[in-house]
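Here is the structure we will look at.
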Amino acid sequence: MIDINFQKKPISVSIKHNAYYKLIILLAIINYCARGKKASLLLIHLVFWSLRNSDNRKILFDFSKNYRNTLVPWTFETGIDQVLSLGYIYQFLEKEIVTDTLEIKISSEGQKLLNNIETEKLFEDDLNRIKQIGQLPKSKIIRANNNWTLV
């Protein structure tokens, strides 16, 4: 008979896959990229996509600064449902319906958390990347996405 032994070994997982890290990034996106401290899921996914690599970040930065008026096809961020659940459970986020669209709003508790993160100078590089993008109007994103065609 063969003896099989299992041993637990630590696995290094990037913080970028951690739901709590993504929650902080989500709060920053709503705070710095949305108008009125509330963002559509479209905006949230788009900014998360831009944070994946420098090419994506450059495209969205140029788009936000009006150096370009189109976007390349982009993808949705996986795990946003879990991040939103955490945000609602800990009362960092609130839901609001604006003209038939679900908007995710930062709560006062979420704002306090984000302020504490900034005071402690945590995740500075990530937060600065989000701040550089700046506010993105929903109508501008929709217009850019409408330019896509299937071949």
Side-chain angles (χ1 to χ4, degrees), residues 12-151:
S12 175
V13 177
S14 171
I15 191 167
K16 297 194 185 296
H17 299 294
N18 182 300
Y20 291 102
Y21 166 80
K22 284 185 173 185
L23 179 60
I24 300 302
I25 298 304
L26 175 61
L27 292 173
I29 290 169
I30 295 169
N31 196 54
Y32 298 113
C33 297
R35 294 184 183 236
K37 308 274 187 198
K38 55 187 168 195
S40 67
L41 289 173
L42 182 69
L43 173 68
I44 291 167
H45 282 289
L46 181 60
V47 177
F48 266 108
W49 167 82
S50 76
L51 298 173
R52 288 183 187 170
N53 62 50
S54 59
D55 291 338
N56 295 356
R57 194 167 38 257
K58 173 95 170 95
I59 289 168
L60 193 59
F61 176 81
D62 289 350
F63 179 73
S64 73
K65 303 305 177 203
N66 295 319
Y67 301 142
R68 66 181 297 150
N69 57 9
T70 60
L71 292 170
V72 299
W74 51 274
T75 59
F76 291 102
E77 181 70 17
T78 58
I80 289 295
D81 55 336
Q82 296 169 341
V83 176
L84 290 171
S85 294
L86 279 175
Y88 298 136
I89 289 167
Y90 290 110
Q91 299 178 343
F92 297 137
L93 299 172
E94 299 170 354
K95 296 179 252 184
E96 188 174 313
I97 302 293
V98 178
T99 59
D100 297 330
T101 304
L102 174 66
E103 300 273 336
I104 311 302
K105 185 176 177 182
I106 191 169
S107 70
S108 59
E109 288 300 312
Q111 191 65 56
K112 283 182 203 173
L113 175 62
L114 189 58
N115 292 343
N116 289 340
I117 294 289
E118 290 184 334
T119 300
E120 296 297 323
K121 299 185 186 301
L122 302 172
F123 308 116
E124 280 186 307
D125 291 339
D126 298 313
L127 297 181
N128 285 334
R129 286 185 198 115
I130 294 168
K131 289 176 186 177
Q132 288 172 350
I133 292 170
Q135 288 189 348
L136 290 166
K138 186 181 354 178
S139 59
K140 183 177 178 178
I141 296 170
I142 291 170
R143 240 187 346 269
N145 285 336
N146 284 338
N147 290 331
W148 295 353
T149 58
L150 294 176
V151 177

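The residues of the chain are indexed from 1 along the displayed sequence.
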Count the heavy atoms belonging to other residues, nucleotides or ligands that lie under 6.0 Å from CD of Glu118, then report whether that count exceeds 12.
yes
Are there more than 12 heavy atoms of other residues, nucleotides or ligands under 6.0 Å from atom OH of Tyr88?
yes
Pairwise side-chain contact, [X] with [Y], heavy-atom cut-off 4.5 Å (strictly under):
X: Leu43; Y: Val47; answer: yes
X: Ile24; Y: Leu113; answer: yes
X: Phe61; Y: Arg129; answer: no
X: Leu93; Y: Lys105; answer: no
X: Ile80; Y: Ile44; answer: yes

List the steps, then state whether side chain to side chain contact (heavy atoms under 4.5 Å, CB included) holds for Leu26 with Phe92.
CA-CA 10 Å; Leu26 175 61; Phe92 297 137; over 6 Å; no
Quick check for you: to the nearest 0.5 Å, what is the distance between Ile117 atom CD1 and Lys112 atom NZ?
15.0 Å
In Å and rounded to the nearest 0.5 Å, what is the CG to CD distance from Leu46 to Glu77?
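One gets 11.5 Å once the value is rounded to the nearest 0.5 Å.
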Is [X] salt-bridged to [Y], cutoff N-O under 4.0 Å?
X: Lys138; Y: Glu103; answer: yes
X: Asp55; Y: Lys58; answer: no
X: Glu94; Y: Lys38; answer: no

The test is side chain to side chain contact (heavy atoms under 4.5 Å, CB included); show your working for Glu96 and Ile104 and say whether it passes.
CA-CA 6 Å; Glu96 188 174 313; Ile104 311 302; over 6 Å; no
Give the C-alpha distance, both sets of side-chain angles, the deciding distance and a yes or no for side chain to side chain donor-acceptor pair (under 3.5 Å) between Asn115 and Gln111.
CA-CA 6 Å; Asn115 292 343; Gln111 191 65 56; 3.3 Å; yes
Chi angles and distances behind the side chain to side chain contact (heavy atoms under 4.5 Å, CB included) call for Leu71, Leu60
CA-CA 8 Å; Leu71 292 170; Leu60 193 59; 4.2 Å; yes
Verify, without hydrogens or angle tests, whether [X] (side chain) and [Y] (backbone) share a donor-acceptor contact under 3.5 angstrom.
X: Lys140; Y: Phe63; answer: yes
X: Asn146; Y: Ile142; answer: yes
X: Lys65; Y: Gln132; answer: yes
X: Asn56; Y: Trp49; answer: yes
X: Ser64; Y: Leu136; answer: no
X: Ser50; Y: Arg57; answer: no

Among Leu114, Ile106, Ile130, find the one that has a side chain to side chain contact (heavy atoms under 4.5 Å, CB included) with Ile30.
Ile106
Run through Gln135, Lys37, Lys131 and flag the one making a side chain to side chain contact (heavy atoms under 4.5 Å, CB included) with Tyr32.
Lys131
Could you report the tightest heavy-atom contact between [X] and [Y], atom names first, then the distance?
X: Thr78; Y: Arg52; answer: N-NH2, 4.4 Å
X: Ser40; Y: Thr101; answer: CB-CG2, 4.5 Å
X: Asn69; Y: Ala144; answer: O-CB, 3.9 Å

Tell me, with the steps shown, if Leu84 and Leu41 meet side chain to side chain contact (heavy atoms under 4.5 Å, CB included).
CA-CA 10 Å; Leu84 290 171; Leu41 289 173; 3.9 Å; yes
In this structure, is the centre-to-centre distance between the rings of Phe48 and Phe76 below 6.0 Å?
no
